[in-house]
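So the structure is just underneath, and the comments pick up after that.
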Amino acid sequence: MSGSRAAVRRLVETGAFQWTIIAVILVNSAVIGLEVSPRWMASYGDATTTVGWVTVGVFVVEISLRLYAYGLGFFRGPWNVFDFLVVLISLVPGGGSYAVFRVLRVLRVLRLLSTVRSMRLVVGALVSTVPGMASIGALLAMLLYIGAVMATQLFGDVDPEHFGSLGTSVLSMFQITTGDDWANVVRPATDAYPWAWAFFILFIVMATYIVLNLFIAVAVEALDRETTESREELVEEISEELDESSSAILTALEDLKAQVAALEARLPPPSVS
């Protein structure tokens, strides 16, 4: 790596540089929110637009510096690719046939995910939970289906509005699972069959509390695993930086020894009295 690239890389990795980018992202996020206010734009539209384009210019400079610092290795990181695409979308005009891209400008706010390390950990943990969440989601779907079939057969005649068909039963059971006004959903059935409370309470316990705890358990495990991996990566980065620093120091010492030896060779031999 050339000296200039190494210097730029040290610059973009400094805390001050990263905090500056975070501040610019926050300003840009505020500008995006203000741009949807007709009253604000009528009074301060020109200034708001100018600030928005200035922040976009800062994003372009930042991406350019990172591209120069890392070269093609920049695109090996998924978060780097995400940042690059967001900046590209920001440069697309918002009028004419490109008007749809104006909506996508709100993606600039998501740059906080790639800039703040703790947010990257959370997102990485969520992505890693997809296989486990899919299995738990399949289990929840099975419980909904079984509960809907049983509810249709048991209560379809007394409450056709909620359990008259399999489709309406699935919707009603899902509403019960979310806890949204579930007592009024089950009231006609429980008025006709007092024992129906046991059926719905058992379903709520199985579908809500057990499955919800499984979701939480998978998420916590994934977050813990992601945190451990992040710590290991951080330790490796620090070790690499220490190795590079040690190599530079050793090289400087060798050069110094060589210079001292050259100076000694130039000095005249000491006279013998």
Does one hydrophobic cluster hold both [X] and [Y], with members joined at side-chain heavy-atom distances below 4.5 Å?
{"X": "Phe82", "Y": "Leu67", "answer": "yes"}
{"X": "Val24", "Y": "Phe84", "answer": "yes"}
{"X": "Val27", "Y": "Met41", "answer": "no"}
{"X": "Ile146", "Y": "Phe163", "answer": "yes"}
{"X": "Phe155", "Y": "Leu166", "answer": "no"}

Side-chain heavy-atom pair [X], [Y] within 4.5 angstrom cut-off:
{"X": "Thr20", "Y": "Val58", "value": "no"}
{"X": "Asp46", "Y": "Thr49", "value": "no"}
{"X": "Trp182", "Y": "Gln175", "value": "no"}
{"X": "Ile204", "Y": "Ile176", "value": "yes"}
{"X": "Leu65", "Y": "Phe17", "value": "yes"}
{"X": "Val185", "Y": "Asp180", "value": "no"}
{"X": "Leu34", "Y": "Tyr44", "value": "no"}
{"X": "Val149", "Y": "Gln153", "value": "yes"}

Atom [atom1] in [X], atom [atom2] in [Y]: separation rounded to 0.5 Å?
{"X": "Met206", "Y": "Leu143", "atom1": "CE", "atom2": "CG", "value": "5.0 Å"}
{"X": "Phe200", "Y": "Leu154", "atom1": "CZ", "atom2": "CG", "value": "8.5 Å"}
{"X": "Asn184", "Y": "Asp181", "atom1": "CG", "atom2": "CG", "value": "4.0 Å"}
{"X": "Met173", "Y": "Met150", "atom1": "CE", "atom2": "CE", "value": "8.5 Å"}
{"X": "Thr50", "Y": "Trp53", "atom1": "OG1", "atom2": "CH2", "value": "11.0 Å"}

Residues Asp159 and Arg187 bridged, charged N to O under 4.0 Å: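 Result for this pair is no, no salt bridge flagged.
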
If we ignore hydrogens and angles and just use 3.5 Å, is the side chain of [X] paired with the main-chain N or O of [Y] as donor and acceptor?
{"X": "Thr55", "Y": "Gly52", "answer": "yes"}
{"X": "Ser172", "Y": "His162", "answer": "yes"}
{"X": "Asn80", "Y": "Phe74", "answer": "yes"}

Taking the six-membered ring of Tyr70 (Phe, Tyr or Trp), confirm whether the NZ or CZ of Arg9 is under 6.0 Å from its centre and within 45° of its axis.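 Not flagged: Arg9 not positioned over aromatic ring of Tyr70.
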
Tell me whether the count of non-hydrogen atoms from other residues, nucleotides or ligands lying under 6.0 Å of CH2 in Trp19 goes above 12.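 No - once you tally the heavy atoms of other residues, nucleotides and ligands closer than 6.0 Å, there are 12 at most.
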
Pair Tyr193 + Phe199: ring centers closer than 6.0 Å: no

Side chains of Thr168 and Ser165: donor-acceptor distance under 3.5 Å anywhere?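 Note: Thr168 and Ser165 side chains meet the donor-acceptor criterion.
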
Write down the atom of [X], the atom of [Y], and the distance for their closest heavy-atom approach.
{"X": "Glu13", "Y": "Gln18", "answer": "O-NE2, 3.6 Å"}
{"X": "Leu140", "Y": "Ala207", "answer": "CD1-O, 3.7 Å"}
{"X": "Ala148", "Y": "Ser169", "answer": "O-CB, 3.6 Å"}
{"X": "Ala196", "Y": "Ala189", "answer": "CB-O, 3.9 Å"}

Side chain to side chain contact (heavy atoms under 4.5 Å, CB included) for Phe59 and Ile25? Distances and angles first, verdict last. CA-CA 9 Å; Phe59 292 155; Ile25 293 173; 3.7 Å; yes

Take Thr177 and Phe203 through the test side chain to side chain contact (heavy atoms under 4.5 Å, CB included) and record every step on the way to the result. CA-CA 8 Å; Thr177 302; Phe203 176 80; 3.4 Å; yes

